[in-house]
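To keep things clear, I will list the structure first and then write my remarks on it.
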Amino acid sequence: MKKLILATVLAAAPAVYAQNPALYECIYQYDVTGKTDKGDISDTFNCMLLIGEESSKFLDYTAFQLDSVSAIKGVSDDVIKEYEERDLKATPYFDRRMFNSSSDNKLTTISTMAPFSYIYEEKTPLIEWKLSDETQTVCGYECRKAEGEYGGRKWTAWYAEEIPVPFGPWKLTGLPGLVMQAYDSDNIHRFVAVSFREGNGDVTPDKIPNLVKIDHKDFEERKAVYDKNPMNSINPSDIESITVLKGKGGTSTFMINGTIVRTLEKGAIPLEIVEGKDKDE
Amino acid sequence: MISRFILILIVSASLFAIPANGETIVSGTVKNDAGKPLPTVMVKAYTSEGKEWHSKSDKGGRFAITFPTIPDSLKIRFSKLGYEAETVVVADFSKPVSIVLHRASTQLKEVTVKAPAVRQRGDTIVYDLASFAGKGDVTLQDALKKLPGVEVENTGGIKYNGKSISNFYINSMDLLGGKYNIATTSIPHSYVSAVEILNNHQNKKIDRNIFNDNVALNIRLKPKAMFKPMGKYELKAGYGDRLMGEASGAGMMFTDNFQTILTLKGGNINEFASYDNMILYRNDNPNATRNYAESILGNLSASTPPVNRRRWIKPVDVSASLNFINKLSKDATLRTNIDYGYTHTDYDYSESATYFAGESDISVSSVMSPSANTHKPSFSVEYKLNSDDRYIRNSISGDASFSTFRLPVISDTYSISQAQDMKSFNLSDNFSLSWRRGKMKWNSGTHLQFKANPAGRIDVCGGENSEASLSQTARTYSLHASQSISGVLEYRRSRIYLPASFTFNHDRIHTLLNNLGYGDENINAGNCLTGEEFKFSISPSYEYSTRYNRFVVRAGIPFSVNLHHRKNIGTVPSADNNVYLNLSPDVYFNYDATSKSSFGGSVEYKNSYGDILDLLTSPVMTDYMSMKLKSGIISHSRRFNTSLRYSFKSPLTLWNFRINADYSKGWNNLMSRQYVSSGLIAISNYISPNSFDSFSGNITLSKQFRRIHTKITLDGFWNMTRNEIVQNDIMVKYRGNSFSINPRVNTNPFGWFELNYALDLSFTSTRFLGEGRSYTSQTHNIGLKFYPGNKWEINMKSDITRKEITDNRYKTMSLFDAGVVYKFKSFRTGIELRNILDCKNYSYSVFNGLDRFSYSYALRGRELLLTFTFIK
């Protein structure tokens, strides 16, 4: 079993040689507050944006740490295992990896619905931003305000012109500066930069094996249903192996065929509201 | 103005859009030094009027911006990550713009806006301590008081949302057990990065799936505080009624596998020995035997006026502690704690007691000057293996206490000298073991304890009859052994617990009274008690919990058989050779309605039988005028308790709220009887079934306003009791009501100013025989701190007390302190002036059932203190 885990970890890790170095990295605090049909959610997570010259990568901070550790040559299996377990125990709320290539005008999303990992692409820009002259300081940088709509939510973003990249957290990209803070009009999802520093990671897209290509809408529709009850959505005939890791407070994390099954106690509130469904509020 | 700035723009994807009528395009290319095209260059065109257009370069370094009309004086700024930005002025709109960007020589600034102040992940709330600590805070305890939902009581005990913490960890290691005051008063808060509140904490990993509403605290140290010796050292000197001094040092070291704190303190300014070594929670077997000698003889000098002890106690204290914990493996630790405390206290007060005696009251007034000396050494060694599938713990602990108390009393016509000597020794071993086999989990526990009080003694001489003398001795020995085993069967979301235990107690109690002339009669009497108790109990209970313990319900029917074999062959013989059956069912539930609020309650019916002290049939005197004895009948009480609670916590919005309501109804077979004459107060009991009711409710509310650095806390408490008592052969039903409200504010709205304010408003009333008595009191504690610059701190404190001393006679007292602190690197120097107005007395009165006691305490006068602190 250990071999399986390790194989997954190593496969999921970015290439060891930095082809596309991250010049800077930005840590965002990601707050989710709202209601699902299972109860109230009020949680705080950390996400990481790796910023390269032409591209960016956005992922959960724990997942990023795991990547970093795995990418170091000569790290013992025990250490990788420890981070792997940490990753599993602290079930990531943000279970996606976003890769944004500015020169190709392309945004790639990789996410899982156990037992498979899926990939879809979108053409950028995704959002028609309305800029305004309001300013505020976020994480030491003067930011300007912009508003736009995507995925059924109205977003307000604060971007720093001083950091001249069209990147930001999740899909909140395409502004003339790094997005340092963003929130939707219902104040359910909030991203705020808490640390901007020199980067030492890599912005190359993750080489995850056996990715299933899917259409954007199709994925988000299925994902919203899947997140409500992951275990019910899994086709038993697809299951080859299950690993169960006991976490804190009686929660369990499953890995099916080496893919994490994120079981959230209170469900999840999607960042994107899929059309034809009620607004998840 | 606004329209001038609010511009609508699309960061263009259609870089090569064909211009519509009247539109103008500026286009061009961006290249680097080597002539290669640069993509992802942010292109911003702007005019002097403040209009803006944005675009970015494509793969070929090309860009284009479309304008609705030809702008005047257009500038274009090109910026790209890792390159120097360039600005050009566009004169000719028909010509493409070519620009070369050069590699930047400077980096963008790195910013970390401290870690988020509050984080929550599941049951754990993480507070970034630095975001909450105030400028004048030194120790961890100072800073803990500022955390949302956290309260630090006068004993040092920490509560989260109204609930006392069940464990205190430093970097997840349990160095101090319940003696965590050592850590909170000696660790500087600057060494702590985060404080974690662990809700629903289960200290045994093997039980982690079992619901528990305990709260624990974990202190995360900063990396800079690890792997090197550190410490906090303090010197104080002062002058007031006498010369004063205090010296203290705390050395500590924390690594991943080893932690230690060593403390040494001595001085005559403040009391700290009992505070530092106080046990604030116990994870041990709570059924430890009682300290019978202490409950028989009491403490001559115990007295607790409702004014801060530091105002009236003149202490001499010494304390020392050695604490180590070692990680033996991933899950196993070995902990050793050794401490010693010495306390000497002096104070003076006068008492005027009015005892209800039927037709007319009896008043007694006197002046007392109590003093106490106590030495308390103790040790404990604990081994713990806490893994996912096994739990082993053994702890050996022991303590001793040597005390002498003096209580000279001077009344209008006579003077009496009273002295008490007490010695106690206590040794115990606790062993517990949990393991899992299949669907069953097993717990087993063994507890052995030996307690001895070989030399309890009270001597009294002098008085109205100067020939009178009294000596009272009490010697007690107790041996306790218990063995318990419990199996837990888990099936889906249900659990069945089947604990069984066997307890054996052996006690010996000897008392001897030689009273010549106190309380109107000469008495020579003794108790000679020996006894064994065998108790077998089985407490089956059932628990059901829904997923993630959202709803938990537990019901149990503890049943026990107690066999008593006890006799008193003293002056008044008595015996208890009976079998008692005891059934005490209970139900408990907890429901987490949302992630923020939970609702819980319990109902229990409790049956209890008296202990060996019920056979104390010969009189015992605890001072020159107080006598007690028992009827020899074993007490039996039944109690019906219900309790409801609702708690709400929203850590991210910094709201905490808790409300509790408790109701008890009880029935006793024995009634307590008090007989009062001018020379004697005798307390005994006799058989007469009676009942009592009690209702209490309390509220805790706390809210933090981060923007203005303000924490507001409100505590409210209400208690109502109905009781029966017999005094001087008159049966009296009385009703007591007490109500108190306690709002507190800590605010630090500007960097240079901090205010602490606490109000304590209370109202107490008793009503009996159709007559009511009541009194009110209010105390205000006000603290102001000013920080002119980073190095100075000016503080002012005031305690204002307004109390009813007798019916409708109020007395207001104000005490003021002030001080200045100067901070330089790791040093702090301070000058403090206490009790500036030199107030000498403090008076108050209380009701105890039917009686009223008025006290007047002598206060410590004006004092000047110099403090010098060094933190490394």
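Chain naming here is simple, since letters A, B, ... match the order of the sequence lines and numbering starts at 1 in each. This is a predicted model, so every value here is computed, not measured.
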Nearest 0.5 Å, what's the [atom1]-[atom2] distance between [X] and [Y]?
X       : Y        : atom1 : atom2 : result
B:Leu81 : A:Glu53  : CG    : CD    : 7.0 Å
B:Glu52 : A:Leu131 : CD    : CG    : 7.5 Å
B:Arg77 : A:Glu161 : CZ    : CD    : 7.5 Å

Pairing of B:Lys80 and A:Glu54 as salt bridge, 4.0 angstrom limit: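 Between A:Glu54 and B:Lys80 there is a salt bridge, with a charged N closer than 4.0 Å to a carboxylate O.
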side-chain contact (heavy atoms from CB on, under 4.5 Å) evaluation trace for A:Trp129 with B:His54: CA-CA 11 Å; A:Trp129 292 105; B:His54 294 265; over 6 Å; no
Return the option, out of A:Ser103, A:Gly177, A:Pro164, with the maximum number of heavy-atom pairs under 4.5 Å with chain B. A:Pro164
Determine whether more than 12 heavy atoms belonging to other residues, nucleotides or ligands lie under 6.0 Å from atom [atom1] of [X].
X        : atom1 : result
B:Lys330 : NZ    : no
B:Arg220 : CZ    : yes
B:Lys204 : NZ    : yes

So, the side chain of B:Lys56 versus the backbone of A:Val165: is there a donor-acceptor pair under 3.5 Å, distance only?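 No.
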B:Met42 to A:Leu175 - nearest heavy-atom pair and separation: SD-O, 4.2 Å
Heavy-atom pairs under 4.5 Å with chain A - which of B:His201, B:Lys205, B:Arg103 has more of them than the others?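 Between B:His201, B:Lys205, B:Arg103, the count favours B:Arg103.
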Side chain to side chain contact (heavy atoms under 4.5 Å, CB included), paired with B:Thr40, selected from A:Ser101, A:Ser102, A:Ser55: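 Among A:Ser101, A:Ser102, A:Ser55, the one meeting side chain to side chain contact (heavy atoms under 4.5 Å, CB included) with B:Thr40 is A:Ser102.
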